[in-house]
Peer 1: 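Pasting in a structure now, in structure tokens, and then I'll have a few things to ask.
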Amino acid sequence: MNPTITAFERSPDRGKGQARDMRVRWALEEVGQPYGVRLVSFSEMKEPAHRALHPFGQIPTYEEGDLALFESGAIVFHIAGRHSGLLPDDANARARAIAWMFAALSTIEPPIVDLGVAVLLERDRNWYAQRLPLVEDRIRGRLGELAERLGDADWLDGAFSAGDLLMVTVLRRLNGSAILQEYPVLSAYVARGEARPAFRRAFDAQLAVFTAASPD
Ligand code: GTB
């Protein structure tokens, strides 16, 4: 049975692939697993039927037989564990790839999300102009360290892995800001991820949802 994921009926990013269903779609495309998508509105996400799948009333969710999952990182980890292609077979290399998955979500993503929250929700506060450079510099600190580690390698640890998949989706959240361009090593890394055929298929699928909902 093919899994079903949930995604925004109408993504606020207007099809830029920033919502977290994108990383799940990409993982499924990388491993060649067909999937269905159930689109949900903001109000449906908060209803009991959806909260039974996702305690926080969000997307994405993942249903496969009698398994229901939430949290994009856990979903990608599950997909990577069930199929070959996203985690190495060698036990130590696999553990390192998993460490990069955690690094993407717990070390790199938080300051990037903080910037998004500041720009979207804190712009009218009188301390916004003072806080913004602090938030941006926290991101710069992490990106500098990440760029240093990546160096001239294509991927974070040998072959492309679920660690790279998550890291690229996290870094893509900076697409609307100039910060990523300050780190050519990381811009090139994101471009390599986006050039993967599986990424393109996932991106096109989520864009098609937005285009269908907004034909003009
Ligand atoms: N930790 C969870 C995970 O990784 O799965 C976080 C899930 C989450 O934040 N889901 C968001 C959501 O459902 C969508 S992805 N929000 C609705 C709500 O909370 O009511 C976050 C997101 C949303 C929009 C943009 N955008 O427009 O650019 C980018 C990212």
Side-chain angles (χ1 to χ4, degrees), residues 3-30 35 37-64 67-81 86 98-123 135-136 139 142 161-180 190 193-194 199 202-214:
T4 300
I5 68 168
T6 50
F8 283 134
E9 183 178 73
R10 202 183 186 96
S11 180
D13 73 356
R14 307 180 60 79
K16 293 195 178 72
Q18 296 287 2
R20 289 184 175 91
D21 60 295
M22 178 62 204
R23 48 188 71 165
V24 175
R25 292 174 183 270
W26 186 8
L28 289 163
E29 293 287 354
E30 286 284 348
Y35 62 99
V37 182
R38 191 169 63 256
L39 302 175
V40 288
S41 65
F42 276 92
S43 61
E44 279 167 344
M45 271 185 258
K46 307 303 174 195
E47 285 170 12
H50 188 76
R51 280 195 191 271
L53 299 172
H54 197 308
F56 309 118
Q58 295 184 311
I59 60 98
T61 60
Y62 176 98
E63 292 158 83
E64 180 189 19
L67 173 67
L69 287 175
F70 60 99
E71 283 297 333
S72 58
I75 298 169
V76 170
F77 186 46
H78 170 75
I79 295 164
L86 283 175
I98 293 167
W100 280 117
M101 295 179 70
F102 278 85
L105 301 186
S106 66
T107 300
I108 305 292
E109 189 164 44
I112 293 177
V113 169
D114 208 15
L115 175 63
V117 170
V119 171
L120 263 176
L121 304 177
E122 297 172 351
R123 214 176 252 283
V135 174
E136 290 178 334
I139 297 175
R142 288 303 184 213
S161 78
D164 295 295
L165 186 152
L166 290 179
M167 193 65 83
V168 168
T169 58
V170 165
L171 295 176
R172 285 189 78 250
R173 295 195 66 167
L174 289 168
N175 277 356
S177 113
I179 297 180
L180 192 64
V190 170
E194 291 177 339
F199 177 95
F203 184 88
D204 290 348
Q206 64 76 39
L207 178 59
V209 173
F210 179 76
T211 309
S214 320

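Just so it is clear, the model here is predicted, and its values are computed rather than measured. Below, each value reflects all heavy atoms present in this structure, side chains not excepted, and no hydrogens, waters or symmetry copies. One-based numbering, in listed order, for ligands and for the atoms of each.
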Peer 1: Regarding H78 and E64, is there a side-chain donor-to-acceptor distance under 3.5 Å anywhere?
Peer 2: yes
Peer 1: What residue and heavy atom of the protein are closest to atom 18 (C) of ligand 1, and at what distance?
Peer 2: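 Sorting protein heavy atoms by distance from atom 18 (C) of ligand 1 puts K46 NZ, 3.4 Å first.
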Peer 1: According to the interplanar angle, ranging from 0 to 90°, do the rings of F70 and F56 count as parallel (below 30°), tilted (30 to 60°) or perpendicular (above 60°)?
Peer 2: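 Judged by the thresholds at 30° and 60°, the geometry between F70 and F56 is perpendicular.
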Peer 1: Report yes or no: does R173 have a heavy atom closer than 4.0 Å to ligand 1?
Peer 2: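 Checking ligand 1 against R173, which is what was asked, there is a heavy-atom contact under 4.0 Å.
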Peer 1: Output yes when the distance from some N or O of ligand 1 to some N or O of S11 is under 3.5 Å, and no in every other case.
Peer 2: no
Peer 1: Just to confirm my output: which protein heavy-atom neighbour is closest to atom 17 (C) of ligand 1, and how far is it?
Peer 2: F42 CE2, 3.8 Å
Peer 1: Take atom CZ in R14; do more than 12 heavy atoms of anything else shown fall under 6.0 Å from it?
Peer 2: no
Peer 1: With atoms numbered from 1 as shown, which atoms in ligand 1 lie under 4.0 angstrom from a non-hydrogen atom of M45?
Peer 2: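 Near M45, the atoms of ligand 1 are 13 (O).
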Peer 1: Please check if any side-chain donor atom of T4 sits under 3.5 Å from a side-chain acceptor atom of R38, or the reverse.
Peer 2: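 On atom types as modelled, these side chains do not qualify, holding no pair under 3.5 Å.
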Peer 1: Can you tell me the protein heavy atom closest to atom 23 (C) of ligand 1 and the distance?
Peer 2: F8 CE1, 3.8 Å
Peer 1: May I ask you to identify the nearest protein heavy atom to atom 1 (N) of ligand 1, giving residue, atom name and distance to one decimal place in Å?
Peer 2: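 It is E71 OE1, 2.7 Å.
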Peer 1: Considering non-hydrogen atoms only, spot the tightest contact between G15 and Q206 and give its length.
Peer 2: O-NE2, 2.9 Å
Peer 1: Identify, by atom number and element, the atoms of ligand 1 in contact range of P60, meaning under 4.0 Å from any of its heavy atoms.
Peer 2: 5 (O)
Peer 1: Kindly assign one of parallel, tilted or perpendicular to the pair F199 and F203, based on the angle between their ring planes and the thresholds 30° and 60°.
Peer 2: parallel
Peer 1: To the nearest 0.1 Å, how far is atom 11 (C) of ligand 1 from its closest protein heavy atom, and which atom is that?
Peer 2: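 Residue, atom and distance for the closest contact: I59 O, 3.7 Å.
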Peer 1: Test your reading of the model: is there a side-chain donor-acceptor pair from Q18 to the backbone of R172, 3.5 Å cut-off?
Peer 2: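 Side chain of Q18 to backbone of R172: a pair is present.
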Peer 1: Measuring from non-hydrogen atoms of K16 to any atom of ligand 1, is the shortest distance under 4.0 Å?
Peer 2: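 K16 does not count as a contact of ligand 1 under the 4.0 Å cut-off.
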Peer 1: Are any of the N or O atoms of S72 closer than 3.5 Å to those of ligand 1?
Peer 2: yes
Peer 1: Just to confirm my output: which protein heavy-atom neighbour is closest to atom 29 (C) of ligand 1, and how far is it?
Peer 2: Q18 O, 3.7 Å
Peer 1: Identify the closest protein heavy atom to atom 28 (O) of ligand 1: which residue and atom is it, and at what distance?
Peer 2: D13 CB, 3.2 Å
Peer 1: Just need the protein heavy atom nearest to atom 15 (S) of ligand 1, so name the residue and atom and give the distance.
Peer 2: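 It is R20 N, 3.4 Å.
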Peer 1: Please tell me whether F42 and F8 form a close aromatic pair, meaning their ring centres lie under 6.0 Å apart.
Peer 2: yes
Peer 1: Distance only, no hydrogens: is a donor on one side chain within 3.5 Å (strictly under) of an acceptor on the other, for T107 and R142?
Peer 2: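 Not at all, the side chains of T107 and R142 share no donor-acceptor pair under 3.5 Å.
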Peer 1: Geometry only, no angles: is R23 polar-contacting ligand 1 at N/O separations under 3.5 Å?
Peer 2: no
Peer 1: I'd like to know if R20 pairs up with E109 as an ion pair, taking the criterion as any Lys NZ or Arg NE/NH1/NH2 lying under 4.0 Å from an Asp or Glu carboxylate oxygen.
Peer 2: yes
